[in-house]
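Notes to accompany the following structure.
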Amino acid sequence: MTALFSPLELRETTVPNRVMVSPMCQYSCDARDGLATDWHRTHLGSRAVGGAGLVMTEATAVEARGRISPEDLGIWSDEHAAALEPITEFISEQGSVPGIQLAHAGRKASIERPWDGHDPLQPDDGGWEVVGPSDDPWPYEDGEAPPTTALDQDGIEAVIDSFRAAAERALDAGFEVAEVHTAHGYLLHQFLSPVTNHREDDYGGDFEGRTRLTREVTAAVRDVWPDDKPVFVRISATDWLPDRDAWTVEDSVRLSDRLADIGADFIDVSGGGIHPKSRPDYAGPNYQLQYAERIREETESDIAVGAVGGITTPEQAEAVIANDRADMAIVGREHLRDPYFTMTAANELDATDEIEGPPQYRRAWGF
Ligand code: FNR
């Protein structure tokens, strides 16, 4: 029996194996409307056919100005939920668990998708005004940032309401897991980190103040997410800025316990993104696993953790789980190269009797 193909129980949800498709923006909505398209259906559906235990959507904006690019997926209306429903149905039919990453890009919003140039967009040129904890803009090397405004108290409450309403719609659309995106320098991370949060009110200052928005958003999502279904939070475990006052792994351990108290079930442990210089020295195999492992070991709660970053082979994924370093192996780019990563893993780990696989493909795979 492999570790990778053992199920993970989170509340009443059973994830059939330990492979999760990492959230990955596809920049593929038509007409800048945030509605899921055939691309999303095929992309997410293929990874479910490929056997991943949990298929997570890309960052899905809880309000229109929270999109990174105009072509990002959204869930700010019932129409958005309706467009996602056939996708969750298909993922569930394959035996995978459908998850949605609820996101707000904050001051990193309003930028062209990568293959259109990745330049910041102004409100009069297809972009929009953006918000953050403070009014200093993202320091673009090329191009001018869109106008950036610090959220006031009403604006903060509206953001919390947007996350809550988005979670309600996600539930209607058939998702089993809601993941709050607190990583990669987007809005909630902008509040967490002293690099970007210069507020002097209750949402800034010390650890309590800077983590308040993340805690309130997580509580709002937990409040509407059924008791039998898990809530995940993706964090950047570190800002990778050792020479300045920045978010650290110690902060992440502390935050993880606070999130567990609120009812979060799983910390999806990523890193960086708060500043252009916020980069790891090493980005090879397992480059962020050490942070997942530390959070798993050092939290007082028994919150589950997922490791992401440079997991590309079945042996690596198996070792992450078998050696008790994390509860889930989260695979990003390798899933873009091989949508059937989990079936590949079953073959290579000699575990084809531990996965059903789609009957349409089973004989070809020797299952
Ligand atoms: C990403 N990543 C990402 N992360 C996230 O939390 N939400 C997102 O929408 C995206 N979008 C995205 C798009 C693309 C094309 C890539 C390649 C990456 C980061 C991703 O989930 C993952 O954390 C990193 O890619 C590291 O894992 P891998 O790729 O080394 O397995």
Side-chain angles (χ1 to χ4, degrees), residues 18-29 34 36 39-40 43-44 46-47 50 52 54-62 66-75 84 99-106 108-109 111-116 118 166 170 177-190 192 214 232-238 240 266-274 278-280 282-292 305-317 319-320 326 328-339 341-342 344-345:
R18 305 304 183 98
V19 179
M20 171 174 140
V21 177
S22 205
M24 283 181 285
C25 286
Q26 297 297 296
Y27 314 104
S28 295
C29 294
W39 179 268
H40 301 97
H43 167 71
L44 296 166
S46 310
R47 273 85 200 152
L54 201 161
V55 177
M56 186 67 73
T57 68
E58 68 189 73
T60 306
V62 299
R67 288 168 298 169
I68 305 166
S69 82
E71 291 80 14
D72 283 15
L73 201 55
I75 186 150
L84 287 163
I100 183 166
Q101 188 182 53
L102 302 172
H104 194 305
K108 285 175 87 172
I111 182 172
E112 288 170 322
R113 61 183 167 187
W115 59 85
D116 285 343
H118 222 204
V177 171
E179 174 167 285
V180 178
H181 193 357
T182 306
H184 301 165
Y186 296 114
L187 184 66
L188 299 181
H189 186 186
Q190 289 158 26
L192 289 179
T214 289
F232 289 21
V233 182
R234 171 167 274 206
I235 63 170
S236 278
T238 168
W240 283 311
F266 185 99
I267 305 292
D268 170 348
V269 185
S270 191
I274 200 68
S278 173
R279 300 202 168 275
Y282 169 81
N286 291 348
Y287 68 96
Q288 296 173 142
L289 175 58
Q290 57 187 309
Y291 310 124
V305 304
V308 66
I311 301 175
T312 58
T313 70
E315 292 75 14
Q316 243 183 309
V320 164
M328 187 88 85
I330 305 175
V331 177
R333 288 164 291 177
E334 188 58 23
H335 266 127
L336 301 184
R337 295 184 279 266
D338 179 6
F341 176 80
T342 308
T344 303

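Numbering of ligands and ligand atoms starts at 1, following listing order. FYI, the numbering just counts along the sequence from 1.
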Can you tell me how the ring of F232 sits relative to the ring of F266, calling it parallel under 30°, perpendicular over 60° and tilted otherwise?
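Rings of F232 and F266: parallel, as their planes differ by under 30°.
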
Under a 4.5 Å cut-off applied to non-hydrogen side-chain atoms, are M328 and D268 in contact?
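Contact flag for M328/D268 side chains = no.
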
Do P23 and R234 have side-chain heavy atoms sitting under 4.5 Å apart?
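Of all side-chain heavy-atom pairs linking R234 with P23, at least one is under 4.5 Å.
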
Looking only at distances, please establish whether an N/O atom of ligand 1 is found under 3.5 Å from an N/O atom of [X].
X    : result
C25  : yes
Q101 : yes
V308 : no
E334 : no
S22  : yes
R234 : yes
A59  : yes
G332 : yes

Shortest protein heavy-atom distance from atom 26 (C) of ligand 1, along with the residue and atom involved
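I find the closest protein heavy atom is Y287 OH, 3.6 Å.
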
Which residue and non-hydrogen atom of the protein lie closest to atom 16 (C) of ligand 1, and at what distance in Å?
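Looking only at protein heavy atoms, the one closest to atom 16 (C) of ligand 1 is M24 CG, 3.8 Å.
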
Short list, please: which atoms of ligand 1 are under 4.0 Å from a heavy atom of [X]?
X    : result
R333 : 17 (C), 25 (O), 28 (P), 29 (O), 30 (O), 31 (O)
H184 : 4 (N), 5 (C), 6 (O)
H181 : 5 (C), 6 (O), 7 (N)

State whether any protein heavy atom lies less than 4.0 Å from atom 24 (C) of ligand 1.
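No, because not a single protein heavy atom sits under 4.0 Å from atom 24 (C) of ligand 1.
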
Determine whether the side chains of S270 and H184 contain a donor N or O and an acceptor N or O closer than 3.5 Å.
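Present: a donor and an acceptor within the cut-off.
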
Nearest non-hydrogen contact with atom 8 (C) of ligand 1 belongs to which option: P23, G310, P285, G309?
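Heavy atom nearest to atom 8 (C) of ligand 1 belongs to P23.
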
Measure the SG-CZ distance between C25 and R67 for me, rounded to the nearest 0.5 Å.
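With rounding to 0.5 Å, SG (C25) is 12.0 Å from CZ (R67).
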
